[in-house]
Amino acid sequence: MTDIALPESLGYSLDQARARLRKALEDAERAQGTATLLAVSKTKPASLIRQAWQLGQREFGENYLQEALEKQTELADLDDIVWHFIGPLQSNKTRAVAENFDWVHSVERLKIAKRLSEQRPANLAPLNICLQVNISREASKSGVMPEEAIALAHDVAALPRLRLRGLMAIPAPAESFAAQRIPFAELRQLLTKLQAALPETQLDTLSMGMSDDLEAAISEGATLVRLGTAIFGARSNS
Ligand SMILES: *Cc1c(COP(=O)(O)O)cnc(C)c1O
């Protein structure tokens with residue numbers, strides 16, 4: 001038998017994901033290191049997160065609060081891990097998110113942002129925030145409408161315990177690379193508008209691109225790509 005890397009192993013898939021990101025940056029004529037790989041670990045056990053950490057991965061994204069808190073407890077010894085909350089966020093969950101995460105990507109209402117700011121513990125750095133934008137204008141989807149994003153950003157940027165960093169979106173699935181690029185380009189243009197409207201705020205983050213559309217997102221300026229399936233494999237219960 002030949003000794004080949006098993007495609008199902010985490011080391012292999014993480015290497016593949018990193019190679020994909022490097023190639024996408026190269027194809028987009030962007031410098032290496034200008035986009036960060038966020039490993040989306042929802043539904044996956046803490047042991048896999050620890051393994052990914054041992055392979056050098058530091059940024060992890062979680063969608064479900066209770067599940068995330070349990071894994072964080074198990075992984076409390078990994079003190080340089082960076083936790084991103086990327087799922088829908090209700091009022092009754094804001095305190096635990098404010099206390100246990102470094103980033104929230106899914107802010108779409110001022111009420112939620114105010115609670116996160118009030119509840120962010122004084123001994124922690126301000127909570128990094130992305131506004132989620134409903135860039136494809138889907139009736140059933142989360143996110144602020146693009147035309148309302150600037151007003152919301154203005155209010156969120158004024159909250160003392162938050163640090164507004166940029167925008168996040170999950171576009172509707174599209175068939176081709178060209179079609180995938182359109183909503184990502186719109187999000188990039190919206191960030192440019194926001195940067196002009198809020199010159200005092202360091203808006204440096206475009207959280208866009210997942211396992212199926214990473215290349216298109218990178219070609220339109222993504223700085224944080226959120227990969228789940230491509231790193232950890234298919235999810236059974238989502
Ligand atoms: C699940 C999820 C991802 C990862 O999706 P994959 O297609 O598995 O890469 C990224 N972003 C958000 C907000 C998610 O909920």
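All ligand and atom numbering here is 1-based and tracks the order in the structure. Predicted model, so just to flag it, every value in this text is computed and none were measured.
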Report task. Give the numbers and elements of all ligand 1 atoms closer than 4.0 Å to a heavy atom of Ile86. Result -> 11 (N), 12 (C), 13 (C), 14 (C)

Query raised in the report: Can you list the ligand 1 atoms lying under 4.0 Å from a non-hydrogen atom of Thr229?
Result: 6 (P), 7 (O), 8 (O), 9 (O)

Requested in this report: Assign the ring pair Trp83 / Phe60 to parallel, tilted or perpendicular, where the plane angle (0 to 90°) is split at 30° and 60°.
Outcome: tilted

Query raised in the report: Short list, please: which atoms of ligand 1 are under 4.0 Å from a heavy atom of Arg226?
Result: 4 (C), 9 (O), 10 (C), 11 (N), 12 (C), 13 (C)

Report task. Please confirm whether His105 comes under 4.0 Å of ligand 1, counting heavy atoms of the residue only. Result -> no

**Report entry** Contact partition for Lys42 relative to ligand 1, non-hydrogen atoms under 4.0 Å
**Finding:** side chain

Query raised in the report: Which residue owns the protein heavy atom closest to atom 10 (C) of ligand 1, what's the atom, and how far is it?
Result: Met210 SD, 3.1 Å

Query - Residues Lys193, Glu147: salt bridge by 4.0 Å N-O rule - result: no

Query - Contact check, side chains of Met210 and Ile170, non-hydrogen atoms, under 4.5 Å - result: yes

**Report entry** Where ligand 1 meets Gly228 - atom numbers and elements under 4.0 angstrom, heavy-atom basis
**Finding:** 4 (C), 6 (P), 8 (O), 9 (O)

Report summary line: Under 4.0 Å from one or more heavy atoms of Leu227, ligand 1 contributes atoms 9 (O)

Query raised in the report: Relative to the heavy atoms of Ile170, which atoms of ligand 1 are at a distance of less than 4.0 Å?
Result: 13 (C)

Query raised in the report: Which atoms form the tightest heavy-atom contact between Glu108 and Val144, and what is the distance?
Result: CB-N, 3.9 Å

Query raised in the report: Which of the atoms in ligand 1, numbered in the order shown and given with their element, are less than 4.0 Å from a heavy-atom of Asn63?
Result: 14 (C), 15 (O)

**Report entry** Leu21 versus Ala35, closest heavy-atom pair with distance
**Finding:** CD2-O, 3.7 Å

**Report entry** Ionic contact status for Glu62 with Lys71, cut-off 4.0 Å
**Finding:** yes

Query raised in the report: To the nearest 0.1 Å, how far is atom 9 (O) of ligand 1 from its closest protein heavy atom, and which atom is that?
Result: Ser211 OG, 2.5 Å

Query raised in the report: Does an N or O anywhere in Asp212 fall below 3.5 Å from an N or O of ligand 1?
Result: no

Requested in this report: Output yes when Asp77 and Arg50 qualify as a salt bridge under the 4.0 Å nitrogen-oxygen rule, no when they do not.
Outcome: yes

Requested in this report: Identify whether the distance between the nearest side-chain nitrogen and carboxylate oxygen of Glu118 and Arg161 falls below 4.0 Å.
Outcome: no

